[in-house]
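Order of the sequence lines sets the chain letters (A, B, ...), proteins ahead of strands, with each chain counted from 1. Remember, it's a predicted structure, so these values are computed and weren't measured experimentally.
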There are 2 protein chains.
Amino acid sequence: MKSPQVRSPRKPKGQGAERREEILDAALRLFSAKDVHGVSTRQIAEAAGISQPALYAYFATKDDLIAELCVRAFAKLKARMDDGRSRWTPTPEMFDRAMMTYIDFALSEPDAYRVAFMVEKGPEGAFHARTGGRPMAAGMEAFQGFVAMIADLHAAGLTRDDDPLRLTQTLWAGLHGLVSLLIARSEFPWVEREALIAGHIAMLRRGALKG
Amino acid sequence: MKSPQVRSPRKPKGQGAERREEILDAALRLFSAKDVHGVSTRQIAEAAGISQPALYAYFATKDDLIAELCVRAFAKLKARMDDGRSRWTPTPEMFDRAMMTYIDFALSEPDAYRVAFMVEKGPEGAFHARTGGRPMAAGMEAFQGFVAMIADLHAAGLTRDDDPLRLTQTLWAGLHGLVSLLIARSEFPWVEREALIAGHIAMLRRGALKG
DNA sequence: AGCGATAATCTATCACTGATAACTTATCGC
DNA sequence: GCGATAAGTTATCAGTGATAGATTATCGCT
């Protein structure tokens with residue numbers, strides 16, 4: 001049985017950007033069911049209500065489309081982290097909250113997180129080269145907020161590691177490991193999730209901070 | 001310029017398994033240059049010196065071929081971890097060594113690690129369903145050794161977490177986060193690798209063990 | 001040595017993929 | 001109405017994973 005082939009009406013002259021948004025939304029929605037390689041440009045186009053070649057008026061390649069989602073995911077993460085920083089003070093309690101913010105983001109928007117952090121890129125950043133390094137740049141921006149927080153804790157004399165940048169990378173890796181496995185290997189026999197997350201954060205805090 | 005189309009001689013009657021090995025070797029070699037989706041069955045076949053459809057005499061699908069590599073990667077990891085356990089005693093020093101064994105494996109065989117832990121599987125373990133759950137089972141076996149070690153440390157009263165299984169999962173996540181990012185995002189401006197790894201292990205130890 | 005059986009492999013082909021070329025049509029300012 | 005052009009189309013390409021069916025080399029057996 002053929003699909004109903006429902007086409008979205010043609011956009012007025014200046015509204016190409018709007019269609020672009022619709023395409024990105026449709027794509028991200030499809031990426032939750034199958035992985036990035038499993039979703040075809042034809043499926044994306046149909047979900048957006050246009051023909052498949054019409055995609056290429058908005059994105060040069062499928063990678064560019066994915067890169068755009070990647071950038072937006074990083075921006076969302078940065079927004080959440082920055083939001084938390086309004087009440088920020090360098091204390092162990094706020095450290096826990098910051099870790100929780102990252103984990104919450106990843107688990108509440110797993111599709112965005114997958115696209116941003118877990119899409120296999122080609123060798124030595126070929127994906128980033130093809131996409132002009134924009135995802136990488138957006139990722140770095142999100143990372144900077146993280147760096148600043150740990151630097152605060154370091155300045156307050158609360159950290160055990162003498163190199164705050166190294167500590168930041170270590171903590172980020174610790175967080176990423178947990179959420180990426182929870183997202184990608186949900187069928188693994190994990191212990192109860194709340195307790196796992198709480199235990200993980202506690203371990204990171206004890207490993208990173210004094211006391 | 002066409003490739004030289006060099007074909008491996010036909011195998012004698014009972015030696016199909018040998019060809020199977022050659023295919024797997026060729027595939028893993030190709031997977032280091034491009035990611036799993038970037039390597040085609042035709043490329044694998046040519047590298048193995050046979051025609052593309054001939055692959056399907058040895059593997060029902062491309063996923064099955066990947067799953068076999070996955071199983072072997074887990075087996076390699078298990079072998080390394082088991083090997084380290086011959087000199088095992090529940091001490092902080094041996095804890096560090098065990099962590100290092102895992103990281104060493106991942107970084108010395110990044111292709112195997114990628115195939116085993118970082119290949120995006122479909123939704124809710126569709127990959128594992130399609131491949132009869134064999135990779136998952138192999139992974140669990142490798143994980144058991146890890147569980148046993150942490151249980152030893154727990155029995156010796158060295159751990160801070162009261163649930164050794166939860167702690168094991170937390171530590172595994174911590175290790176996986178670091179190595180998966182180092183492998184997949186090698187272009188990220190990491191601090192010096194040796195120091196990063198040492199710092200990471202130190203953080204995990206302080207977070208997991210008493211003292 | 002020659003025969004049947006069959007393992008090992010081939011060529012040809014399918015539906016589908018990302019991408020491009022060339023064409024059409026709706027909307028705009030004048 | 002008019003030309004200009006943004007927005008979209010259909011038709012097509014080379015490359016993908018996979019299948020069907022024919023072919024060839026190797027084996028055990030007489």
Side-chain angles (χ1 to χ4, degrees), chain A residues 1-3 5-24 26-27 30-31 34-69 119-120 122 126-127 130-131, chain B residues 1-3 5-24 26-27 30-31 34-69 119-120 122 126-127 130-131:
Chain A
M1 159 163 134
K2 270 267 190 75
S3 57
Q5 191 76 346
V6 71
R7 286 277 157 90
S8 165
R10 177 191 284 248
K11 294 288 174 185
K13 208 73 179 287
Q15 313 297 4
E18 191 176 308
R19 167 86 0 126
R20 206 181 134 94
E21 298 299 316
E22 294 174 11
I23 294 170
L24 287 167
L30 289 171
F31 287 158
K34 312 179 136 216
D35 89 311
V36 164
H37 304 281
V39 175
S40 72
T41 52
R42 282 162 181 82
Q43 291 173 302
I44 297 171
E46 186 183 336
I50 55 177
S51 70
Q52 181 254 352
L55 289 179
Y56 291 83
Y58 301 96
F59 305 95
T61 67
K62 190 187 182 185
D63 271 354
D64 280 334
L65 195 161
I66 295 168
E68 184 68 39
L69 287 176
V119 170
E120 270 217 69
F127 175 85
R130 283 197 303 274
T131 57
Chain B
M1 163 166 129
K2 269 268 190 78
S3 57
Q5 190 77 344
V6 72
R7 285 277 158 91
S8 165
R10 177 192 284 249
K11 294 288 175 186
K13 209 69 178 289
Q15 313 299 2
E18 191 176 309
R19 168 87 355 127
R20 206 181 135 95
E21 298 299 315
E22 295 174 8
I23 294 169
L24 288 168
L30 289 171
F31 287 159
K34 310 179 139 220
D35 88 311
V36 164
H37 304 281
V39 175
S40 73
T41 52
R42 282 164 182 81
Q43 290 173 301
I44 297 172
E46 186 183 336
I50 56 176
S51 71
Q52 181 255 352
L55 289 180
Y56 291 82
Y58 300 96
F59 305 95
T61 67
K62 190 185 181 187
D63 272 353
D64 279 334
L65 194 161
I66 295 168
E68 184 69 39
L69 287 177
V119 170
E120 270 219 67
F127 175 86
R130 283 196 303 275
T131 57

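Contact check for Ser40(A) versus Gln52(A): no side-chain heavy atoms found under the 4.5 Å cut-off. Here the side chains of His37(A) and Asp35(B) are in contact, with some heavy-atom distance below 4.5 Å.
Spacing between atom CD of Glu22(A) and atom C1' of dA7(D) amounts to 13 Å, rounded to whole angstrom units. Across the protein-nucleic acid pair, Leu55(B) atom CG and dT16(D) atom C1' stand 13 Å apart, rounded to whole Å. Between the P atom of dG15(D) and the CD atom of Gln52(B) lies a distance of 14 Å, rounded to the nearest Å. Separating the NZ atom of Lys62(B) from the P atom of dT16(D) is a distance of 9 Å, rounded to the nearest angstrom. Rounded to an integer number of Å, the gap from Asp63(B) CG to dA18(D) C1' is 12 Å. The interatomic distance linking Glu46(A) (CD) with dT9(D) (P) rounds to 12 Å, in whole Å. Taking atom CD1 of Ile44(A) as the reference point, atom P of dA19(C) lies 10 Å away to the nearest angstrom. Distance Ile23(B) CD1 to dA8(C) C1': 11 Å, rounded to the nearest Å.
For the OP1/OP2 pair of dT9(C) and a distance below 4.0 Å, the side-chain nitrogens and oxygens of Tyr56(B) include no atom meeting the criterion. For Thr41(B), no side-chain nitrogen or oxygen approaches OP1 or OP2 of dT16(D) to under 4.0 Å. Dashed line: the shortest gap from a side-chain N or O of Arg19(B) to OP1 or OP2 of dA7(C) is not under 4.0 Å.
Residue Arg42(B) holds its CZ atom at 10.0 Å from OG of Ser51(B), rounded to the nearest 0.5 Å.
Closest to the side chain of Tyr58(B), out of dT9(C), dA21(C), dT11(C), is dT9(C).
Heavy atoms of Ser51(A) sit under 4.0 angstrom from at least one base atom. Among the heavy atoms of the strands, none lies under 4.0 Å from Ala57(A).
Remark: dC30(C) base-pairs with dG1(D); criterion is Watson-Crick or G-U wobble with both hydrogen-bond distances under 3.5 Å.
Judged by distance alone with a 3.5 Å cut-off, a donor-acceptor contact links the side chain of Arg42(B) to the base of dG17(D).
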Show the numbers, then the answer: is there a side chain to side chain contact (heavy atoms under 4.5 Å, CB included) between Glu18(B) and Glu21(B)? CA-CA 5 Å; Glu18(B) 191 176 309; Glu21(B) 298 299 315; 5.7 Å; no

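A distance-only check finds a donor-acceptor pair linking the side chain of Lys62(B) to the backbone of Val36(B) [under 3.5 Å].
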